[in-house]
Each structure stands twice: as structure tokens, then as C-alpha cells.
There are 2 protein chains.
Amino acid sequence: MNKYQVLLQQTGLKQTRQRTIMLDVLYNSKGPLSAEDLFGLIKKRGVSMSLSTVYRILESFTDKGLVTALTLETSKQVLYEVAHAHHGHHLICISCSKVIHVEGCPLENYEAKLAQKYRFKIDDHTLNFYGYCEQCSTG
Amino acid sequence: MNKYQVLLQQTGLKQTRQRTIMLDVLYNSKGPLSAEDLFGLIKKRGVSMSLSTVYRILESFTDKGLVTALTLETSKQVLYEVAHAHHGHHLICISCSKVIHVEGCPLENYEAKLAQKYRFKIDDHTLNFYGYCEQCSTG
DNA sequence: GTAGGTGCAAAGAGTTTGCATACGC
DNA sequence: GCGTATGCAAACTCTTTGCACCTAC
């Protein structure tokens with residue numbers, strides 16, 4: 001029984017060919033993927049699968065906490081990535097659309113200050129940096 | 001000649017009834033607005049205007065730097081707000097969707113560190129906090 | 001065997017575009 | 001009067017949904 005089968009069983013999701021390959025693609029991706037990206041990558045592996053199934057599986061994975069959804073200013077698509085145990089952020093290249101995941105967060109103190117000042121109960125935050133990656137800025 | 005007429009003239013945009021009312025609604029809003037929001041607020045004032053014109057004007061205002069666009073995790077719509085001279089961030093209420101604009105930014109040093117570590121030329125960033133506003137958390 | 005999963009096609013939301021008319025300068 | 005702005009309707013993109021069939025457990 002492999003890693004993905006265990007994940008599915010733990011979350012109470014039935015083990016299907018489609019869910020296993022989705023997990024595999026998501027876990028082997030360097031950056032967040034859109035539904036369309038996943039659909040294409042799965043097709044590239046010679047597996048056929050409906051786009052609506054991709055959306056439905058992404059929804060169930062998000063519900064179960066296996067993946068997290070994010071939206072960037074540079075595209076209208078929703079992106080999905082494996083939920084990281086550690087909170088992190090993103091560097092997004094405006095030129096080639098590459099997304100780099102950055103571990104760690106400098107905002108704990110600031111968040112506490114804001115919460116007090118605005119009497120706002122903060123649950124979470126998103127922090128994305130937009131600019132040019134090494135290749136695009138030197139090229 | 002009022003404030004909005006001056007803004008339009010400075011940016012080289014023709015002065016039209018539609019552009020003036022859009023500026024007025026945007027400047028008098030407490031939080032960012034979607035195209036649909038603007039359309040509704042304008043209609044409320046008894047002015048009729050096409051939704052596609054709203055989109056087109058938002059695009060030209062964005063190009064001219066009069067407004068900035070943002071996307072939040074809580075909705076699929078693009079939101080627009082008057083471009084602030086000072087960099088700021090947002091507190092978004094998950095319950096009532098209220099958006100509070102926060103002035104100031106704690107990230108300058110962190111941004112410089114990241115840029116060096118990842119050899120990434122950072123131009124800008126977005127920082128949004130999600131949680132519950134005073135009314136929604138006490139209610 | 002049954003509950004839940006999948007595929008297909010159609011619907012839906014948000015946004016964009018083509019084209020004819022109208023209006024600012 | 002010219003060139004740009006606007007309105008309308010149609011198109012487009014991304015995502016969701018209804019329904020019949022299929023598959024894991």
C-alpha cells in the first residue's frame with residue numbers, strides 16, 4: 001500500500017485510479033497547479049479523465065485538507081497545491097508565471113498587533129510577492 | 001472644475017458622464033468594489049450605464065494608475081479600489097465579506113532578504129488577512 | 001448490493017469583444 | 001468632423017451541475 005492509498009484511506013475517500021493519479025501529480029509538482037494544468041499533466045501520462053472529475057476531486061481534497069487553493073493576481077484560475085504542514089508564501093514571476101514556495105513567515109507579531117488594533121479575529125493570511133525570477137531578470 | 005474632472009484631464013481620458021460617476025463611486029467607497037458592485041451602486045443613483053462600460057472604464061483607470069485591482073480568496077470576482085499613494089493591505093471578514101484597508105507594511109526587510117536568498121527581483125506584493133470582524137466575532 | 005465516483009454535456013458566473021451609434025473635444 | 005466612448009448582444013473562459021452509468025468496498 002503506497003503513500004497515496006494511505007492518504008485516501010485516512011481521509012475516508014474511496015481509492016480510485018483518478019484520485020491516486022491526482023495525488024501523484026500534485027505531490028510531484030514544484031508549484032501550484034490549476035485544474036487545467038492537472039488535466040493536461042494527467043493526459044500526458046496517457047491517462048484519460050474528465051475535467052469535471054478533476055474539479056470534483058480538487059474540491060474533495062480541499063475539504064479533507066489534503067490540498068489548499070490559492071488565487072494569484074496574475075491569472076483568473078484557481079491554483080491548488082499540497083497542503084504544507086508549515087505555513088508558507090509565494091514568489092510569483094510576472095514574466096514566466098513560475099511560482100516558488102517560500103517556507104516561514106515573518107508576520108506573527110504584526111498579525112497580533114493588527115488583530116488588537118482593528119478588533120479583528122485573524123484566522124489566516126495570504127502573502128504573495130510579484131516580480132522577476134533569476135532567469136527572467138538576467139535574460 | 002471638480003476633482004474628478006481634473007483627474008480625467010491629467011490622465012488624458014475624455015470626460016464623460018460614465019467616467020465621472022465611476023470615480024465618484026470609487027472615491028466614496030469604504031472598501032474595494034467589483035464591477036457588479038459598481039454597476040449596482042450607479043444604478044441606485046438613478047444613472048443607467050452598461051456593465052461592459054463599467055468593465056472598460058475599470059480597465060482604463062487601472063492602466064492609468066487611478067485604481068488598482070485585487071483578487072481575494074473569498075470570491076471569484078476582481079475587486080477595484082482607488083490607488084493609494086501609500087502601500088497597504090487588507091483585513092477580509094470571512095463572514096460578512098467586509099474589507100478593511102490597513103495602511104503601512106511590515107515587510108520591507110523581509111522582502112530584501114527573500115530577494116537575495118532566491119535571487120528574485122521583487123516588484124510588489126499582496127498581503128491579505130482573513131478572519132472575523134468585530135461585529136461578526138462578537139455577534 | 002449499495003453508496004459514492006465518474007463522464008458527458010449542458011448550464012452558470014464573470015468578463016471580454018464586435019459592431020453600430022453617440023458624444024467629447 | 002474625427003476619433004474615441006458607449007450600449008447591446010454575442011462570445012469566451014473557468015467552473016459547476018444533472019443525470020446516467022460504473023466501481024470500490
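In the text below, chain A, chain B and the rest are named by the order of the sequence lines, each starting its count at 1. Hydrogens, waters and symmetry mates are skipped; everything else that's a heavy atom, side chains included, is used. Everything numeric in this text was worked out from a predicted model, so none of it was measured.
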Nucleotide-resolved protein contact map, nucleotides 15-21 of chain C, B/S/- at heavy-atom distance under 4.0 Å: BBBB---
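- Nucleotide C:dG4 holds its P atom 16 Å from the CG atom of A:Leu8, rounded to whole Å.
- Here the closest heavy-atom approach between residue B:Glu73 and residue A:Leu70 is recorded as OE1-CA, 3.4 Å.
- Following rounding to the nearest Å, A:Asp37 (CG) and D:dC14 (C1') show an atom-to-atom distance of 13 Å.
- Residue A:Thr53 places at least one side-chain N or O closer than 4.0 Å to OP1 or OP2 of C:dG7.
- Residue A:Leu58 contributes atom CG, which lies 12 Å from atom P of C:dT6 at whole-angstrom precision.
- The neighbour count for B:Arg119 CZ, taken as heavy atoms of other residues, nucleotides or ligands under 6.0 Å away, does not exceed 12.
- At whole-Å resolution of the value, CD1 in A:Ile21 and P in C:dT6 are 12 Å apart.
- Note on B:Leu23 and B:Phe39: same hydrophobic cluster, where clusters join Ile, Leu, Val, Met, Phe, Trp and Tyr whose side-chain heavy atoms are under 4.5 Å apart, directly or indirectly.
- Dashed line: the shortest gap from a side-chain N or O of B:Gln15 to OP1 or OP2 of C:dC23 is not under 4.0 Å.
- Aromatic rings of A:Tyr4 and A:Tyr27 (six-membered ring for Trp) have centroids within the 6.0 Å cut-off, being under it.
- As rounded to whole Å, 11 Å separates atom C1' of C:dG5 from atom CZ of A:Arg17.
- Close to C:dT6, at under 4.0 Å from its OP1 or OP2, lies a side-chain N or O of A:Thr16.
- Checking side-chain atoms of A:Asn28 against main-chain N and O of A:Asp24 turns up a donor-acceptor pair under 3.5 Å.
- In this structure, B:Gln9 does not reach the C:dC25 phosphate: none of its side-chain N or O atoms is under 4.0 Å from OP1 or OP2.
- Distance B:Leu33 CG to C:dG14 C1': 16 Å, rounded to the nearest Å.
- Heavy atoms from other residues, nucleotides or ligands lying under 6.0 Å from CD of A:Glu103 number more than 12.
- Remark: aromatic rings of A:His125 and A:His89 are close, center separation under 6.0 Å.
- Looking at A:Thr11, its side chain does come within 3.5 Å of a backbone N or O of A:Leu7 through a donor-acceptor pair.
- Here the shortest heavy-atom pairing between B:Pro106 and A:Leu107 reads CG-CD2, 3.8 Å.
- Atom CG of B:Leu70 is separated from atom P of C:dG14 by 16 Å (rounded to the nearest Å).
- Residue B:Met49 contributes atom CE, which lies 18 Å from atom P of C:dA22 at whole-angstrom precision.
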Quick test: give all pairs of protein nitrogen or oxygen and nucleotides 1-4 of chain D nitrogen or oxygen below 3.5 Å, distance rounded to 0.1 Å.
{"from": "D:dG3", "atom 1": "N2", "to": "B:Lys14", "atom 2": "NZ", "distance (Å)": "3.1"}
{"from": "D:dT4", "atom 1": "O4'", "to": "B:Lys14", "atom 2": "NZ", "distance (Å)": "3.3"}

